[in-house]
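Below you'll find the structure, written out as structure tokens, and then a few comments.
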Amino acid sequence: MRSDPALRRAAISWARSGLLTPQRVWRAAREHGGIETLLAAGPAELTEWLGSEERAAAFRRSADDSAAERWAAQVERSGVHVLTIFEDEYPKALSEIADPPFALYAAGRLDRLKLPAVGIVGSRAATRYGRDVAARLARDLSAAGVTVVSGFARGVDHAAHEGALGLPGGTVAVLGCGLDVDYPREHAALKDAMKTQGLLLSEYPPGTEPRAEHFPIRNRIIAGLCSGVVVVEASRRSGSLITARLANESGRDVFAVPGSVFSQTSIGTHELLRDGAILCRGAEDVLSELFPAIGAASPGFPAGAPAAASALSEEARRIWETLRKGEDASAEELARASDLPAATVLAALFELEEAGLAVFSEGGRYGARRN
């Protein structure tokens, strides 16, 4: 079935029509015996199942839509792959959600779709802490052979993509516009790098401009591609929380990174933790939960090996000296002792944990690792 050219034509036709949505078609297929049953149905049945004569007519002619086939061939000559849900290259995990896209447009390394994947999402208005955490998480996950998936937005998404590039797992960006549209414009260099080292994906055909409603729809693809999603920073109204909800509804694990109680960009993550999300303090938490057979890191990026103090940031060295000389302390206590902002202290603690120099213990306290 997956090599049937009629099914490929049909999927491309549905994707181009503007009349047929994945939600409507897949629901009808589930309720009435599958896609083959719909393709064999008469006009009256299809009109009832799809909700209008116009939709029924578009669906009935889709398997013979030679114009769709010619259009897809033209797109592929431009260097963009067209992957329909009826083909082996289409990611299996995504095909299992309730409303997978009929077709994906892809540019870059398709082999990234065969690797285990984790989503990293968060605020466009990320703090330095959020960007640092996203980059470190992405780097360590990619070093362990896990593909990092995000939405190519400013802030956390950008940091995650950059952190994962050039490492074994690499990164996949899911866009809310056509692959040929430069959005955000300031990500042009990253986009060029991802065409050779990573993978760009969209369910929107070339030429589609970004629109506000595209991004929440795009988020189900991020969730669907992954075994789990990590939310790094999110305000109460963040689109990242939509991704987390979609991941949960699709049976994926949701992780959240704690932040400063004073930060607006941590309200959403703290609410996720309150509601049952898995605490994420670093890549080890994600790997041990989702991929225990992989291990914590690959050579060159040991996520727990002690690092020389000279390799740490100035803030991390200050916190390390405070921990070495005293008892275990909370982040707030360390902020007072070091006269550093709470968000800076949290970033430093994350750095120390990843370097194997500090440990997080019960009661929300941190201590120096003593081997």
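Note that these values count all heavy atoms, side chains included, but never hydrogens, waters or copies made by symmetry.
- Expressed to the nearest 0.5 Å, how far CG of Asp65 lies from OG of Ser17 amounts to 9.5 Å.
- A pairwise comparison of heavy atoms in Leu272 and Ala256 identifies CB-CB, 4.1 Å as the closest pair.
- In terms of heavy-atom proximity, Val118 sits nearest to Cys226 at C-SG, 3.6 Å.
- Donor-acceptor pairing under 3.5 Å is lacking for the side chains of Thr37 and His32.
- Counting heavy atoms of neighbouring residues, nucleotides and ligands inside a 6.0 Å radius, atom CD of Gln264 does not exceed 12 of them.
- When the salt bridge (Lys or Arg N to Asp or Glu O under 4.0 Å) test is applied to Glu53, no partner is found at least two apart in sequence or on another chain.
- No side-chain heavy atom of Val146 sits less than 4.5 Å from a side-chain heavy atom of Leu290.
- Gln74 CD: 12 or fewer foreign heavy atoms inside a 6.0 Å radius.
- Hydrophobic clustering places Ile278 together with Leu273 (ILVMFWY residues linked when any side-chain heavy atoms are closer than 4.5 Å, directly or through intermediates).
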For this session: Show your working on side-chain contact (heavy atoms from CB on, under 4.5 Å) between Leu287 and Asp140 and close with a plain yes or no.
Result: CA-CA 10 Å; Leu287 293 169; Asp140 290 345; over 6 Å; no

Problem set entry | side-chain contact (heavy atoms from CB on, under 4.5 Å) between Leu39 and Leu7, worked out | CA-CA 10 Å; Leu39 287 169; Leu7 288 174; 3.8 Å; yes

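- Between Leu20 and Ser62 the shortest side-chain heavy-atom distance does not fall below 4.5 Å.
- The 12-atom threshold is exceeded at CZ of Arg274, counting heavy atoms of other residues, nucleotides or ligands nearer than 6.0 Å.
- Residue Arg30 places its CZ atom among more than 12 non-hydrogen atoms of other residues, nucleotides or ligands, all under 6.0 Å distant.
- Heavy-atom neighbours of Gln23 CD from other residues, nucleotides or ligands within 6.0 Å: above the threshold of 12.
- Take Arg236 and apply the salt bridge (Lys or Arg N to Asp or Glu O under 4.0 Å) test, not counting sequence neighbours, and it matches Glu271.
- Under the ring-ring contact (aromatic ring centres under 6.0 Å, His included) criterion, Phe59 pairs with Trp14, sequence neighbours left out.
- Smallest separation of non-hydrogen atoms from Arg131 and Ala159: O-CB, 3.5 Å.
- Under the 4.5 Å side-chain criterion, counting only non-hydrogen atoms from C-beta, Pro91 is in contact with Leu104.
- Looking only at side-chain heavy atoms (C-beta outward), Pro43 and Arg60 come within less than 4.5 Å of each other.
- Of the possible donor and acceptor atoms, none in the side chain of Ser95 sits under 3.5 Å from a partner among the backbone N and O of Ile85.
- No continuous path of ILVMFWY side-chain contacts below 4.5 Å connects Leu279 to Val261, so the two sit in separate hydrophobic clusters.
- Distance check, rounded to the nearest 0.5 Å: CZ of Arg70 to CZ of Arg9 gives 11.0 Å.
- Grouping Ile, Leu, Val, Met, Phe, Trp and Tyr residues whose side-chain heavy atoms lie under 4.5 Å apart, directly or via other members, places Val80 in a hydrophobic cluster with Ile12, Trp71, Val75, Val82, Tyr105, Phe152, Leu165, Leu175, Leu179, Leu190, Met194, Leu200.
- Side-chain N or O atoms of Ser250 include none that pairs as donor or acceptor with a backbone N or O of Ala247 at under 3.5 Å.
- Without hydrogens or angle criteria, Thr171 side chain to His161 main chain gives no donor-acceptor distance under 3.5 Å.
- Side-chain N/O atoms of Glu233 and Ser123 include no donor and acceptor closer than 3.5 Å.
- Taking Tyr366 as the reference, Phe360 meet the ring-ring contact (aromatic ring centres under 6.0 Å, His included) condition, with sequence neighbours excluded.
- Looking at Thr322, its side chain does come within 3.5 Å of a backbone N or O of Arg318 through a donor-acceptor pair.
- Hydrophobic clustering, with ILVMFWY side chains joined whenever heavy atoms are under 4.5 angstrom apart, groups Trp26 together with Ile97.
- Under the salt bridge (Lys or Arg N to Asp or Glu O under 4.0 Å) criterion, Glu76 pairs with Arg8, not counting sequence neighbours.
- Taking the side chain as every heavy atom from C-beta outward, Leu94 and Leu113 never approach each other to under 4.5 Å.
- Side-chain atoms of Arg365 come within 3.5 Å of backbone atoms of Asp328 as a donor-acceptor pair (strictly under, hydrogens ignored).
- For the atom pair OG of Ser240 and CD1 of Ile120, the computed distance is 11.5 Å after rounding to the nearest 0.5 Å.
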Distance-only criterion, 3.5 Å: show the donor-acceptor pairs between side-chain atoms of residues 335-342 and protein atoms not counting sequence neighbours.
from	atom 1	to	atom 2	distance (Å)
Ser338	OG	Leu334	O	2.7

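- Using a distance-only test at 3.5 Å, with no hydrogens or angles considered, no donor-acceptor pair links the side chain of Thr243 to the main chain of Ala223.
- Atom OH of residue Tyr90 and atom CG of residue Leu83 lie 9.0 Å apart, to the nearest 0.5 angstrom.
- Looking at every heavy atom in both residues, Phe102 comes nearest to Ala15 through CD1-N, 3.7 Å.
- Residues passing the salt bridge (Lys or Arg N to Asp or Glu O under 4.0 Å) test with Asp99 are Arg220, sequence neighbours excluded.
- Residue Ala106 comes nearest to Leu201 through the heavy atom pair CB-CD2, 3.5 Å, listed as atom of the first residue, atom of the second, then distance.
- Side-chain heavy-atom separations under 4.5 angstrom define the hydrophobic clusters, and the remaining members of the one that includes Ile242 are Leu246.
- Residues Tyr204 make up the rest of the hydrophobic cluster containing Ile217, defined by ILVMFWY side-chain heavy atoms closer than 4.5 Å, directly or through other members.
- Between the CG atom of Leu38 and the CG atom of Leu50 there is a distance of 6.0 Å, given to the nearest 0.5 Å.
- A salt bridge links Glu96 to Lys92: one of the charged nitrogens lies within less than 4.0 Å of a carboxylate oxygen.
- The salt bridge (Lys or Arg N to Asp or Glu O under 4.0 Å) contacts involving residues 151-162 comprise Arg154-Glu186, where partners must be two or more places apart or lie in separate chains.
- Listed for the Ser142 side chain is a donor-acceptor partner under 3.5 Å among the backbone atoms of Gly170.
- By the ring-ring contact (aromatic ring centres under 6.0 Å, His included) test, His81 is found to be paired with no residue, residues two or more places apart in sequence or in another chain being considered.
- Minimum heavy-atom separation, Pro116 to Gly145: CG-O, 3.9 Å.
- A donor-acceptor contact shorter than 3.5 Å links the side chain of Thr196 to the backbone of Ala193.
- With respect to Arg324 and Glu321, a salt bridge is recorded, a charged nitrogen being found less than 4.0 Å from a carboxylate O.
- The CZ atom of Arg317 lies 12.0 Å from the CG atom of Leu357; values are rounded to the nearest 0.5 Å.
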For this session: Take Thr147 and Leu225 through the test side-chain contact (heavy atoms from CB on, under 4.5 Å) and record every step on the way to the result.
Result: CA-CA 10 Å; Thr147 295; Leu225 288 170; over 6 Å; no

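- Remark: the backbone N or O of Leu199 is not paired with any side-chain donor or acceptor of Arg109 at under 3.5 angstrom.
- Asn219 places a side-chain N or O within donor-acceptor distance of the main-chain N or O of Gly239, the cut-off being under 3.5 Å.
- Salt bridge annotation for Arg136-Asp132: absent, with no cationic side-chain nitrogen under 4.0 angstrom from a carboxylate oxygen.
- In the hydrophobic clustering of ILVMFWY residues, with side-chain heavy atoms under 4.5 Å counting as a link, Leu110 and Ile221 come out together.
- The hydrophobic clustering, which links ILVMFWY residues whose side-chain heavy atoms are closer than 4.5 Å, places Ile267 and Tyr129 apart.
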